S.K.: 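Here it is, the structure, as structure tokens.
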Amino acid sequence: MFTPHTNTDIQQMLEELEIDSIDQLFDEIPSSLKIEGLDLPDPLPEMELTRIISERAAKDQGKKCFIGAGAYEHFIPAAVWQITSRGEYLTSYTPYQAEASQGSLQTFYEYQTMMARLMAMDVSNASQYDGASSLAESVLMACRCNRKSKSMRILMPEAIHPAYRKTVEAITSPQKIKLESVPFTKEGGQIDFAKLKEFEGEDITAIVVPQPNFFGILEEVDELTDWAHAQGAIVIGVVNPMAMSLIKPPGEWGQNGADIACGEGQPIGSPLSSGGPYFGFMCCREKFIRNLPGRLIGRTTDENGKTGFTLTLQAREQHIRRAKATSNICTNQGLLVTAATIFMSLLGSEGMRRVALKSHQNAQDLLNKLLVLPGVELVFNGPFFHEFVLRLPCPVHEVEEEMNKLNILPGLSLKHIYPEIGDCILVCVTETKSEFDIQQYVEEFSKALQGEMVC
Amino acid sequence: MFTPHTNTDIQQMLEELEIDSIDQLFDEIPSSLKIEGLDLPDPLPEMELTRIISERAAKDQGKKCFIGAGAYEHFIPAAVWQITSRGEYLTSYTPYQAEASQGSLQTFYEYQTMMARLMAMDVSNASQYDGASSLAESVLMACRCNRKSKSMRILMPEAIHPAYRKTVEAITSPQKIKLESVPFTKEGGQIDFAKLKEFEGEDITAIVVPQPNFFGILEEVDELTDWAHAQGAIVIGVVNPMAMSLIKPPGEWGQNGADIACGEGQPIGSPLSSGGPYFGFMCCREKFIRNLPGRLIGRTTDENGKTGFTLTLQAREQHIRRAKATSNICTNQGLLVTAATIFMSLLGSEGMRRVALKSHQNAQDLLNKLLVLPGVELVFNGPFFHEFVLRLPCPVHEVEEEMNKLNILPGLSLKHIYPEIGDCILVCVTETKSEFDIQQYVEEFSKALQGEMVC
Amino acid sequence: MLIFDKSEQSRVAKGILLKDPVVNSSIPNKFLRESAPMLPEVSELDVVRHYTCLSKLNYSIDTNFYPLGSCTMKYNPKAAHVLAMQPGFLQRHPYAPELASQGVLQCMYELERDLAEITGMHTVSLSPMAGAQGEYAGVAMIRAYHQAKGDDGRTEMIVPDAAHGTNPATATMCGYKVKEVPTDDSGDVDLEALAAIIGPQTAGIMLTNPSTLGVFERQIEKIANMIHEVGGLLYYDGANLNAILGHARPGDMGFDVLHLNLHKTFATPHGGGGPGAGPVAANERLAPYLPTPILGKENDHYRWLTKDDRPESIGQLSTFMGNVGVLLRAHIYIKQLGKQGLEEVSKLATLNAAYLRRRLEAAGFELAFPNRRASHEFVVTMKREAKEYGVTANHVAKRLLDYGFHAPTVYFPLLVPECLLIEPTETESKQTMDQFVEAMTKILEEAKTNPQLVQTAPHTMPVGRLDDVKAAREPDLVA
Amino acid sequence: MLIFDKSEQSRVAKGILLKDPVVNSSIPNKFLRESAPMLPEVSELDVVRHYTCLSKLNYSIDTNFYPLGSCTMKYNPKAAHVLAMQPGFLQRHPYAPELASQGVLQCMYELERDLAEITGMHTVSLSPMAGAQGEYAGVAMIRAYHQAKGDDGRTEMIVPDAAHGTNPATATMCGYKVKEVPTDDSGDVDLEALAAIIGPQTAGIMLTNPSTLGVFERQIEKIANMIHEVGGLLYYDGANLNAILGHARPGDMGFDVLHLNLHKTFATPHGGGGPGAGPVAANERLAPYLPTPILGKENDHYRWLTKDDRPESIGQLSTFMGNVGVLLRAHIYIKQLGKQGLEEVSKLATLNAAYLRRRLEAAGFELAFPNRRASHEFVVTMKREAKEYGVTANHVAKRLLDYGFHAPTVYFPLLVPECLLIEPTETESKQTMDQFVEAMTKILEEAKTNPQLVQTAPHTMPVGRLDDVKAAREPDLVA
Ligand SMILES: Cc1ncc(COP(=O)(O)O)c(C=O)c1O
Ligand SMILES: Cc1ncc(COP(=O)(O)O)c(C=O)c1O
């Protein structure tokens, strides 16, 4: 479809090769392995393709989304993807040839700088796949970094995103790492400090501290960090970057700050897109650099002293260190990082703070209006960012179904994810929701509740 | 909103200027003229703006369009506007500084070449505003070119797009140009040769020959051209460029070809977009170059003999010749020309031929299926490209209204435009319509007819 | 290399090609083309790569400071582009029923109303497709007005010597004789000279205010009186509206009709030479003559008014309703900026021009009108440098390209010798202007110490100075 | 200049900034940030101009021939990008109810089925987010399989010396000891050496076929038998599938599990280093262990299968369901190419490689495996030139940049000294390859006559050769 060859070209090339047909080029493949062809449909001209794919896209369109749970709808200024989609960003490879890749390299260097500043950490890598996998890599990294600890025991709060916990399990289990659950308090929805204290004095390699946690609740990060450091554990902060110009960043937690900060980069410039591509970010203190996985871009000079950028510390990576690399990661999420860099440049610290604050206030606003409805209860009383958990006077899925009919996605049912708190719903409101949207939610929610209660 | 000034910047600039406030810079405006401010709404952040404008766009979306009448829905490959929207094309000015504008200049030069080849003419300018205004300029140009004729009489077929006739009137009337109507035959829908003959031997400056004409009918261009030339008249062809890789181009009409070719460029790369921006094209024979209005790009060399491109023959233009220019046109439709150039490069002659042929066959197919319906009649029996005129057994607007409800736009009612042929409808089918679309049209049309006939 | 040089016979972009239709055409042979036109025969990748690489040869707002006077090269918001490119807007047929078009019609209606408020005019027609066509509309309206009054002796249109070329060209197209009125030493219209040429033969005057000299015409009220008293009308060329947006309105100055360049003041992109849009606005007197279509609103339903509704209209200037896509972008821009944003535009455009002018003056450049306030642009003359070092305005312009700046407008307005017309616009920062001053200062130094370096510029562009004479003498317009 | 150098205190992109919310937050102070992070303070135009200009410094498929071996830098269709960027796809939340998601889920389901057909495998999981994560999934599945059988003694993973670095790195991450098996002189796996290291400790082998040496592993069936006989499993690294698409299938060769790089064979853009997608496919034996989620279809309803449906799964490797946007592009690509288009890919990719190899050989370059057929890529060694003229593979690579070509992959595979791994892909034309040969010929000439010119290249890029040693010794990672 995208091959340029004319018959004449092919003829000339075959002549140059002194063969009669292209098939001869495949004569080293044992004939037992050759297939007749693929059982696939015929080609589609772009026009027909466009019709079919656009119809499918249209099918899923037009929902008002109040689901968060790790993927957040934020407004992305038009300039972000207009620039990011430029062919030179979109269709270049990993910048191995530095001199022909200064565009991407400088962009990534600027990203590393912004991310380190946003997290108040020393350094940032140039990305991981996504939030969950960046946590898994952070756990592996913590085990490499914490030379004093032998246990490979990681304290993992139950209130972390469940998919993160599963991903960490899947990725770290071959390396004999043990994840120890730390429960949350029934009232606050925060890490249960009393339970945590039971680990006091034990050999703990690292603790994972989400901010906010899966329930949207803000953790007592200062106390947690200081406690963990006192135990000789490494502190891994898992944070929402959009919150970070409002909320205290990992580098400022407690006396000395977290050691590793990671998380999902999606809120700053990636569309929801059914869950990906997003990007994971990963920051650490200076002293851990050589244990950091992933690409790192360094600023250096050329022979004339001119500033330039290049991939660096590659001795950590698989293409140099092979079996001894810090990780197997190769292709990462460069384009999303480009978008995030442009996004952060456009919003700036003040822009992001306003988005965070507006999201928080919208969430607070919706919550206040819902709590007035009979039987609706807030499950946790800890301070929250832009998500909260409600208990309803009727089954969540019934309300969900009613509201779905009106193209409103009211939140995520926690029934199967956290059966221990009962049939609850996790609701998220970001700055994208207008007063009208919030009002409409309240009305339809209330109607749905009444409908259900009547039955 | 897009001003970068910080308070410090403004302060420093005022200091440099030794003034206290920006308002002082306006002190030459008589105070009697100063206003308090504008009565306009408050600014909208991009997020809110996006919501409002997107809602409006969504309102008008999703119609299956069988209206042609001068604006044709053709499939535009994704690459066309992806490249055309690159900042370097989108946000540059008219290429006055040639050395810093080689991108646009070479693109326009390639456009001129493609257009001249497509029309089989010697040269093309770099665009006019749209089809109708390019015809108006062609008429003015013909009057300048035809030195032998004194009459300023232009033969204008009645079967030309009515908006073209109106535009020509509005633009040429101050220059004492007389448009003489040439009727179409009742049967064929083509220029009535018998009526035309009545002008034989008279001083006629030019004749306008549409191909196809407003009814979608193909004119007898060879005979018309030779007849006109025999009268000493200049022949202006007004053609649909999408048809031109299938249908005989103006340069090949009759013995010597048309003298000027113009028309609407929209079908080759411009979206329907409510009628604009499109672009008019204009080609002519070599000898008329210096009478051509609009930008012309020439190929030349720099001091090292390197090939380059530049605006040329500017002595025709208003910025040099002022009151004596060939036209007042300045800004034209460069971006649409860029899109057309990319469009023609992607489709090539064969691609365009297939689009034209497929459109023709789709139209033929729909026509055949409609003619089976009782009372539906084809109004003209001349050969057609991709549009045809039908007479219905009931009022057109009733069928229209029924089909509009199903998001089908069945065609353009001619009732008010050509009252002389009665209550008819002009239907267009392009390659964008699938078998399903055509079948659906037939079914809904037939239902609508039956519905009406019952009443 | 041209795209044609990359062609190979029978190469095609296969992904785009429709299946070959069974040839079963009812069109008789004599109507058909005999041999295929030689369009490019290339692959999709060829096309993408060729035009991507070509585009990189351009200077543009997205890549360079572009202080091109009279052209208002300001930032073109990406949001306006993206929002205007939505399928709901792009796919709408111009003859789609109004009931199915209320989204876009509402935008157009609001734009008409906003432009009326901004200009101080009564009614707006959006249809002209660029400034020059707006001028045509306006002058044709003046003509229609006089004709309607049976006032047939008005054969002259007055145009200042500083006017943009489209002004006299338009007057000619409308059948008028152009009378040039000179500018006085301070940059204003020479009132005595004006008084001498007006009379019953005067159809009207075409003025820009601020003028293309970058100064506000202080006597505008007087001029309006003079013209109106002899029965003429005033046309306002709105290309410079960026200077006074929200501070003063042409309607209040006495103008009867005007056009606006939405591709200047209202930030729609220039596209390498269009598309633009040049809406016309008129006061009550001239409103009936506005070109059609115009939008009406009846009970919350928007509809196009045509010649039937507006019988005195000069008629129709485009096939459909003008450059709607451009109009949409301007509408979006106005909505985003709102009252405060628009008022700020002229403030900061003027501040930028004044600042840049002051800095260049301090750097040793000669101002054409040193005693006047700069509007949003100003004129520098290289008369002295041309004489002393042989370094002309054009040389400086070309040399600026080497420093990464697009050149200012050169040799316009015509009455100032060796001039540069410089317009920074409000979207550029002080820092960018400071860098521009630095480059200009260096070039001035170069002019003194190494004039040849400047005279032979540019040295870093994809091509060197091009041979314009050859281009015009042996026109090579088609490959 | 960095974007930070363009910052001015309290400058903001005002058009984007939300109105300042009334500060009325219920969040206690101790949770709040004390001082704002120093992000850029710039205008919208600053941002657009900065990153537009930066992008222009990159080589890319849209601008340059990019024969980067093993990376399959083919044309990335614009249609796939535009279609995948439609709001219906972009705005869908990963946890949106399945009933409201049938459009995208249908695409994903069809992609799974198509990839199964293409690879000859039974079941596909789309979730891995790049090739390396696909490898991780596959090797973890091998591990899970052995564990499920209680077969705990299998501690070794065999990897050829020609393998990509991700292979051994992945094996380590999965807790395996890596055993390297050497390549014989003809480029195939050394079967004797292999026989010597396999046994009951062997968990499996990771192979690419064709290998990264650009030759088809002819003994693959024998190898499969050998490994299976000792109870091991075969992992296929699908990075080179472009070579055999539609001609042979890993599933038929005896592989048990594999990953595909959709950002290679299936033309999704590389984005300057991702995102990619690395779906894993397994035969019936290993299918139960595939990572979740996987799509199911029940009565025309598409739904994600999770750990509940697939209890033996190795679990979940990403927060949601992988890089859906990338998967969509690959799906669109497969639909557009269809059966015929996909079969043509490997044919013409192979023809291009064979042709380019022949021409370079004729031009005097030394092939690493002159007696083998080239697959879709091939290896040239500069050993001789390095010795005779001091011109290394890296020098040639840098010099190619001056000729407007991206460099081939250098120093990989590791076992060939001074090597260039060259992969033209099927979307490049003979003409482009001829130009490349011309440049290579000139460089060879330069190596002989003016080696310093080559050694100090590049000379025309935005920067000269960068000091990598300094970069690593004094890491400057943050401004
Ligand atoms: C002062 C002035 N008037 C009129 C015009 C003509 O406008 P347009 O190019 O849109 O036709 C221009 C633009 O170049 C101008 O600067
Ligand atoms: C042979 C081979 N295997 C594996 C990979 C790793 O794939 P990814 O970069 O997508 O993780 C690559 C890509 O660089 C490769 O070329």
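No experiment lies behind these values; they were computed from the predicted model shown. Convention: sequence-line order gives letters A, B, ...; per-chain numbering from 1.
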S.K.: Name the region of C/Gln133, side chain, backbone, both or neither, that has any atom closer than 4.5 Å to a heavy atom of chain B.
M.R.: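 It is both, since atoms from each part get that close.
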
S.K.: Report the option among C/Leu337, C/Asp468, C/Ile314, C/Ile61 that has the most heavy-atom pairs separated by less than 4.5 Å from atoms of chain B.
M.R.: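 Most heavy-atom pairs within the cutoff with chain B belong to C/Leu337.
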
S.K.: Please walk me through it: do B/Tyr93 and C/His406 pass ring-ring contact (aromatic ring centres under 6.0 Å, His included)?
M.R.: CA-CA 10 Å; B/Tyr93 199 76; C/His406 194 278; 8.1 Å; no

S.K.: Need one label for C/Ala140: side chain, backbone, both or neither, based on atoms under 4.5 Å from any heavy atom in chain B.
M.R.: neither

S.K.: Against chain B, work out which of C/Asn352, C/Thr456, C/Val48 has the most heavy-atom pairs shorter than 4.5 Å and name it.
M.R.: C/Asn352

S.K.: Which answer fits C/Lys74, side chain, backbone, both or neither, if we ask what part of it has an atom under 4.5 Å from a heavy atom of chain B?
M.R.: neither

S.K.: If I measure from the heavy atoms of chain B, does C/Val47 come under 4.5 Å with its side chain, its backbone, both, or neither?
M.R.: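 For C/Val47, the side chain is the part near chain B, not the backbone.
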
S.K.: What part of C/Ala171 lies closer than 4.5 angstrom to a heavy atom of chain B: side chain, backbone, both or neither?
M.R.: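 Looking at C/Ala171, nothing touches chain B.
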
S.K.: For this output row, return yes or no: ring centroids of B/Phe309 and B/Phe108 closer than 6.0 angstrom.
M.R.: no

S.K.: Under 4.5 Å, counting heavy-atom pairs only, tell me which of C/Ala79, C/Ser429, C/Ala354 racks up the most with chain B.
M.R.: C/Ala354

S.K.: If we define contacts as heavy-atom pairs under 4.5 Å, which of C/Thr172, C/Asp252, C/Val42, C/Thr166 has the most with chain B?
M.R.: C/Thr166

S.K.: So, is the end of the B/Arg117 side chain (NZ or CZ) under 6.0 Å from the ring centre of C/Phe4 and within 45° of the ring's axis?
M.R.: yes

S.K.: At a heavy-atom distance under 4.5 Å, which candidate from C/Ala130, C/Ser55, C/Gly175 has the highest pair count against chain B?
M.R.: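 Maximum pair count with chain B is reached by C/Ser55.
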
